[in-house]
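In each ligand, atom 1 is the first atom listed, and ligand 1 is the first ligand listed.
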Amino acid sequence: MNKKALVITGGSRGIGLAAAALFRDSGYRVINLSRSAPALDGIEHIVTDLSDSNWTNKISRQLQAAVAGVDEISIVHNAGLLLKDSVETVNADILHRVMQVNVVAPAELNQILLPTMGADSSIIYVGSTLAEKAVTNCCSYVVSKHALIGLMRTTCQDLVGKQIHTACVCPGFTETEMLREHVGGQQEVLDSIASGVTFNRLIEPMEIAKTLFFAATNPVVNGSVMHVNLGQIEH
Ligand SMILES: NC(=O)c1ccc[n+]([C@@H]2O[C@H](COP(=O)([O-])OP(=O)(O)OC[C@H]3O[C@@H](n4cnc5c(N)ncnc54)[C@H](OP(=O)(O)O)[C@@H]3O)[C@@H](O)[C@H]2O)c1
């Protein structure tokens with residue numbers, strides 16, 4: 001039986017899929033929560049829609065059974081929702097929807113698992129460069145990712161003495177469906193984004209996955225905001 005478990009949200013593709021594979025290959029039992037299943041062997045998938053305000057009631061029991069017997073649990077809050085909106089167009093419905101997936105669901109998932117999380121467990125949040133700065137037309141996303149840093153910092157403070165550590169890993173432009181969709185699939189826009197990075201390329205999902213693994217397994221990072229963006233060129 002595995003002595004360690006990863007509970008990850010959004011492991012069906014992109015950064016989450018890379019992280020699920022990496023933790024699995026490192027001997028973790030991996031439990032993924034997302035709507036679609038990862039195309040990956042050796043992963044337990046629990047169909048979950050984090051935008052459903054009743055999602056915890058639907059899956060709590062199954063999740064608790066999946067981690068039974070393991071007390072070293074890493075949670076990676078990776079699922080995210082990125083919409084196009086601005087301070088002039090965003091409305092309450094959009095804000096509630098984005099906050100539900102990006103902030104409320106992580107807080108709820110923590111509460112399902114914390115009672116069974118022992119020493120050396122970890123809670124890792126996936127933020128964004130936009131957790132500490134803003135660009136145009138991502139209002140709800142920027143607000144939610146800033147809030148996630150607050151959730152991470154309060155996680156650090158509220159779990160004093162429990163030997164559970166936390167961090168917020170903030171990726172830069174990473175080659176995934178989320179980024180492709182955001183630019184409308186236009187390769188020239190992706191190329192232009194890459195040219196604003198010091199290495200003149202996008203980040204591979206596995207590069208972020210390795211940082212997530214480092215953060216999950218090194219308690220010294222407790223309370224940190226870790227920017228992993230290959231160096232963005234400032235203007
Ligand atoms: N790519 C980037 O450039 C970039 C930059 C900074 C930060 N990030 C952050 O990195 C994280 C992963 O992003 P990614 O680029 O890998 O995106 P992605 O390829 O679009 O994957 C997003 C994941 O989130 C899951 N998800 C979305 N809505 C969900 C819902 N309602 N319920 C359950 N799961 C849901 C998706 O699963 P299903 O569709 O199967 O439910 C999918 O597995 C996100 O938090 C994102 O904000 C990405």
Side-chain angles (χ1 to χ4, degrees), residues 6-22 30-40 43 45-56 58-59 63 75-84 94 96-106 108-109 124-135 138-149 151-152 167-185 189-190 192-194 196-197 201-212 215 225-230 232:
L6 168 71
V7 176
I8 187 163
T9 62
S12 58
R13 60 175 185 269
I15 292 168
L17 181 64
L22 181 61
V30 176
I31 299 117
N32 168 58
L33 311 181
S34 57
R35 293 164 299 186
S36 52
L40 199 60
I43 304 291
H45 172 58
I46 301 179
V47 180
T48 310
D49 183 353
L50 299 169
S51 68
D52 175 353
S53 57
N54 196 30
W55 74 272
T56 55
K58 293 180 177 163
I59 66 113
L63 178 57
I75 308 176
V76 173
H77 295 294
N78 165 75
L81 179 59
L82 167 61
L83 300 179
K84 280 198 176 125
I94 294 169
H96 282 304
R97 201 170 134 217
V98 173
M99 291 298 280
Q100 170 61 37
V101 174
N102 293 2
V103 182
V104 177
E108 293 175 309
L109 180 54
I124 309 302
Y125 300 90
V126 180
S128 166
T129 307
L130 299 183
E132 290 199 311
K133 66 182 260 191
V135 293
C138 306
C139 177
S140 56
Y141 184 79
V142 167
V143 169
S144 70
K145 292 294 185 179
H146 276 64
L148 206 53
I149 288 189
L151 183 57
M152 183 279 291
C168 185
V169 171
C170 294
F173 298 112
T174 309
E175 196 157 9
T176 69
E177 204 169 306
M178 178 181 280
L179 183 60
R180 275 192 295 275
E181 208 176 287
H182 192 67
V183 302
V189 180
L190 290 175
S192 149
I193 287 172
V197 175
R201 67 168 176 87
L202 300 177
I203 301 163
E204 294 292 329
M206 186 53 82
E207 295 180 276
I208 305 298
K210 286 179 183 169
T211 316
L212 292 169
V225 177
M226 301 170 69
H227 282 282
V228 283
N229 58 30
L230 268 177
Q232 293 181 352

Study note, to complete from the structure: Here the atoms of ligand 1 under 4.0 Å from any heavy atom belonging to Gly14 are 16 (O), 19 (O)

**Study point:** Ligand-residue contact atoms, ligand 1 with Thr48, heavy atoms, under 4.0 Å
**Key:** 32 (N), 33 (C)

Check your understanding: If you measure from each non-hydrogen atom of Thr176 to ligand 1, which part falls under 4.0 Å: side chain, backbone, both or neither?
Key -> side chain

Point to revise | Test item, His77 contacting ligand 1 (heavy atom, 4.0 angstrom) | key: no

Review point. Does some side-chain heavy atom of Leu202 sit less than 4.5 Å from a side-chain heavy atom of Val197?
Key: no

Practice item. Considering only non-hydrogen protein atoms, determine which one is nearest to atom 10 (O) of ligand 1 and report residue, atom name and distance to 0.1 Å. Key: Val126 CG1, 3.4 Å

Check your understanding: Which residues pass the salt bridge (Lys or Arg N to Asp or Glu O under 4.0 Å) test with Lys210, sequence neighbours left out?
Key -> none

Point to revise | Residue part near ligand 1, for Leu81, under 4.0 Å between non-hydrogen atoms | key: neither

Practice item. Could you check atom 11 (C) of ligand 1 against the protein and tell me its nearest heavy-atom contact, residue, atom and distance included? Key: Asn78 O, 3.1 Å

Review point. Does Arg35 have any salt bridge (Lys or Arg N to Asp or Glu O under 4.0 Å) partners at least two apart in sequence or in another chain, and if so, which?
Key: none

Practice item. Provide, to 0.1 Å, the distance between atom 16 (O) of ligand 1 and the closest protein heavy atom, together with that atom's residue and name. Key: Ile15 N, 2.9 Å

Exercise for review: Identify, by atom number and element, the atoms of ligand 1 in contact range of Gly127, meaning under 4.0 Å from any of its heavy atoms.
Suggested key: 7 (C), 9 (C)

Check your understanding: Rounded to the nearest 0.5 Å, how far does CD1 of Ile15 lie from CD1 of Ile208?
Key -> 5.5 Å

Review point. Does a sphere of radius 6.0 Å around CZ in Arg97 hold more than 12 heavy atoms from other residues, nucleotides or ligands, not counting ones at 6.0 Å or beyond?
Key: no

Check your understanding: Side chains of Arg13 and Thr176: closer than 4.5 Å at any heavy-atom pair?
Key -> no

Check your understanding: What's the shortest distance from atom 38 (P) of ligand 1 to any protein heavy atom, and which residue and atom give it?
Key -> Ser12 OG, 3.6 Å

Review point. For atom 31 (N) of ligand 1, which candidate among Asp49, Ile193, Val169 holds the nearest heavy atom?
Key: Asp49

Review point. In the protein, what heavy atom is nearest to atom 27 (C) of ligand 1, and what distance, to one decimal place, separates them?
Key: Arg35 NH2, 3.5 Å

Review point. Can you list the ligand 1 atoms lying under 4.0 Å from a non-hydrogen atom of Leu50?
Key: 30 (C), 31 (N), 32 (N), 33 (C)

Check your understanding: Got the closest protein heavy atom to atom 17 (O) of ligand 1, with its distance?
Key -> Met178 CB, 3.3 Å

Review point. So which heavy atom in the protein is nearest atom 5 (C) of ligand 1, and how far is it from that ligand atom?
Key: Gly172 O, 3.2 Å

Check your understanding: What residue and heavy atom of the protein are closest to atom 26 (N) of ligand 1, and at what distance?
Key -> Ala79 CB, 3.8 Å

Practice item. Classify the contact between Glu175 and ligand 1 as side chain, backbone, both or neither, using a heavy-atom distance cut-off of under 4.0 Å. Key: neither

Check your understanding: Does a side-chain heavy-atom distance below 4.5 Å link Trp55 with Asp49?
Key -> no

Exercise for review: Check each atom of ligand 1 against the heavy atoms of Tyr141 and keep those under 4.0 Å away; list them by number with element.
Suggested key: 6 (C), 7 (C), 8 (N), 9 (C), 46 (C), 47 (O)

Practice item. May I ask you to list the atoms of ligand 1 that are less than 4.0 angstrom from any heavy atom of Gly80? Key: 24 (O), 27 (C), 44 (C), 45 (O)

